[in-house]
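Notes for the one structure printed next.
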Amino acid sequence: MMKDSIITDVERILDSYLEMNNHRKTPERYAILRAVYNMGDHFTLEELGEKLTVDYKFPVSRATLYNTLNLFMELRLVIRHRFQGTTKYEACYDNNNHCHQMCTVCGKVTEVDSPEVTQAIRDLKLSRFRKDGFTLYIYGICSSCQSKIARQRSLERKTKSNKITNKL
């Protein structure tokens, strides 16, 4: 569950934007914003829609979700990730700088706390460019998949060894 103060802050940002641009303050936008900030992790459009329907009793169309998330990305309240053929979103108001480790076998994504990387990027001097935040993706194989691969290889070696023994 997200801290109430963060939800208050992001609602205030949305309020200001909608007022300055003469857009309507619809209940859908605020319900989606609260759901996004209570997801707790990376989520797909479908997962967000399910949360709104089940937890909030507030079903919205896929188009409304998509358009609202695009608005939230413009406001830098949400970030979109493209993970191995899947699009996922994440609340980013209080977390603009972070690293992900991504298993190339099962697709599992976890966040990694790396103050050294954050500091290195903060100290990085870029020409004619203002940094607002970063996301780093580290690709590899998670321990669960490594274990499965090792078991599979061991089984294959045993099977191969048994075939050779049976031929003798």
Side-chain angles (χ1 to χ4, degrees), residues 1-18 23 25-122 124 131-152:
M1 192 84 166
M2 188 59 61
K3 291 183 211 163
D4 288 340
S5 63
I6 291 173
I7 291 178
T8 301
D9 289 348
V10 296
E11 284 179 342
R12 199 172 302 125
I13 291 167
L14 180 59
D15 279 343
S16 297
Y17 173 84
L18 295 174
H23 293 300
K25 293 182 180 180
T26 64
E28 290 84 0
R29 288 177 172 148
Y30 290 91
I32 293 168
L33 186 64
R34 280 186 220 93
V36 162
Y37 275 82
N38 282 302
M39 290 298 284
D41 203 3
H42 305 97
F43 58 89
T44 63
L45 216 54
E46 292 75 20
E47 291 165 341
L48 178 60
E50 185 175 325
K51 183 169 190 71
L52 282 159
T53 301
V54 174
D55 295 355
Y56 290 76
K57 309 291 186 246
F58 203 107
V60 295
S61 72
R62 185 176 173 83
T64 298
L65 285 176
Y66 183 78
N67 292 332
T68 304
L69 286 178
N70 280 336
L71 168 63
F72 295 168
M73 286 187 293
E74 277 181 47
L75 297 175
R76 298 189 48 81
L77 300 175
V78 170
I79 189 167
R80 177 177 48 213
H81 301 283
R82 301 215 197 282
F83 296 139
Q84 291 188 295
T86 301
T87 299
K88 292 208 173 191
Y89 300 86
E90 142 181 63
C92 67
Y93 172 72
D94 62 332
N95 190 15
N96 276 338
N97 303 317
H98 60 285
C99 305
H100 296 90
Q101 59 186 23
M102 189 178 318
C103 180
T104 56
V105 176
C106 69
K108 181 179 178 185
V109 178
T110 51
E111 290 198 18
V112 178
D113 184 30
S114 180
E116 303 87 357
V117 170
T118 302
Q119 189 59 49
I121 291 177
R122 190 175 293 129
L124 183 66
K131 299 176 292 233
D132 288 333
F134 76 90
T135 301
L136 174 68
Y137 302 104
I138 304 166
Y139 298 95
I141 302 174
C142 71
S143 59
S144 296
C145 288
Q146 288 176 47
S147 296
K148 287 177 191 172
I149 291 167
R151 283 193 303 273
Q152 183 66 33

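For the numbers below, each heavy atom of this structure counts, side chains included, while hydrogens, waters and symmetry mates do not.
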Using the side-chain contact (heavy atoms from CB on, under 4.5 Å) rule, take V36 and Y89 through it: C-alpha gap first, then chi angles, then the decisive distance, then the call. CA-CA 9 Å; V36 162; Y89 300 86; over 6 Å; no

Could you check whether atom NZ of K148 has more than 12 heavy atoms from other residues, nucleotides or ligands sitting under 6.0 Å from it? no

Set of residues satisfying side chain to side chain contact (heavy atoms under 4.5 Å, CB included) with respect to S61, sequence neighbours excluded: A63, T64

Less than 4.5 Å apart, side chain to side chain, heavy atoms only: is that true for V109 and K88? no

Between CD of E111 and CD of E90, what distance do you get to the nearest 0.5 Å? 4.5 Å

Under the ring-ring contact (aromatic ring centres under 6.0 Å, His included) definition, can you give me all pairs with a residue in residues 58-83, not counting sequence neighbours? H42-H81, H42-F83, H81-F83, H81-H100, H81-Y137, F83-H100, F83-Y137

Side chains of L14 and L71 in contact at under 4.5 Å (non-hydrogen atoms): yes

Does N38 reach the side chain of Y56, with side-chain heavy atoms less than 4.5 Å apart? yes

Note, C142 side chain near C106 side chain (heavy atom, < 4.5 Å): yes

Atom pair CG/CZ of D15 and R29 - distance to nearest 0.5 Å: 11.5 Å

Rounded distance [0.5 Å steps], CD1 in I149 versus CD1 in I141: 4.5 Å

Carboxylate-amine/guanidinium proximity below 4.0 Å for D9 and R12: yes

Please list all pairs meeting salt bridge (Lys or Arg N to Asp or Glu O under 4.0 Å) that have one or both residues in residues 38-49, counting only residues at least two apart or in different chains. E46-R62

L18 vs T26 side-chain heavy atoms within contact, under 4.5 Å: no

For V112, check side chain to side chain contact (heavy atoms under 4.5 Å, CB included) against everything at least two apart and list the hits. C99, Q101

Can you list everything that forms a side chain to side chain contact (heavy atoms under 4.5 Å, CB included) with T118? Sequence neighbours excluded, please. N97, R122, F134

Does the side chain of I7 reach to within under 4.5 Å of the side chain of Y30, using non-hydrogen atoms? no

Option from V60, L65, T68 for which side-chain contact (heavy atoms from CB on, under 4.5 Å) with L48 holds: L65

Distance, nearest 0.5 Å, that separates NZ of K131 from CD1 of I121: 8.5 Å

Using atom types as modelled and distance alone, determine if a side-chain donor or acceptor of T135 lies under 3.5 Å from a backbone N or O of H98. no

Can you establish whether the number of heavy atoms outside Q146 located under 6.0 Å from its atom CD is more than 12? yes

Where do I79 and C92 come nearest, in terms of heavy atoms and distance? N-SG, 3.8 Å

From E28 atom CD to I32 atom CD1, the distance as rounded to the nearest 0.5 Å: 7.0 Å

Interatomic distance, CG@L45 vs OG1@T87, rounded to 0.5 Å, equals 9.0 Å

Please answer whether the main-chain N or O of Y93 pairs with a side-chain N or O of Y37 as donor and acceptor at a distance below 3.5 Å. yes

So, using side chain to side chain contact (heavy atoms under 4.5 Å, CB included) as the criterion, who are the partners of S16 when residues are at least two apart? none

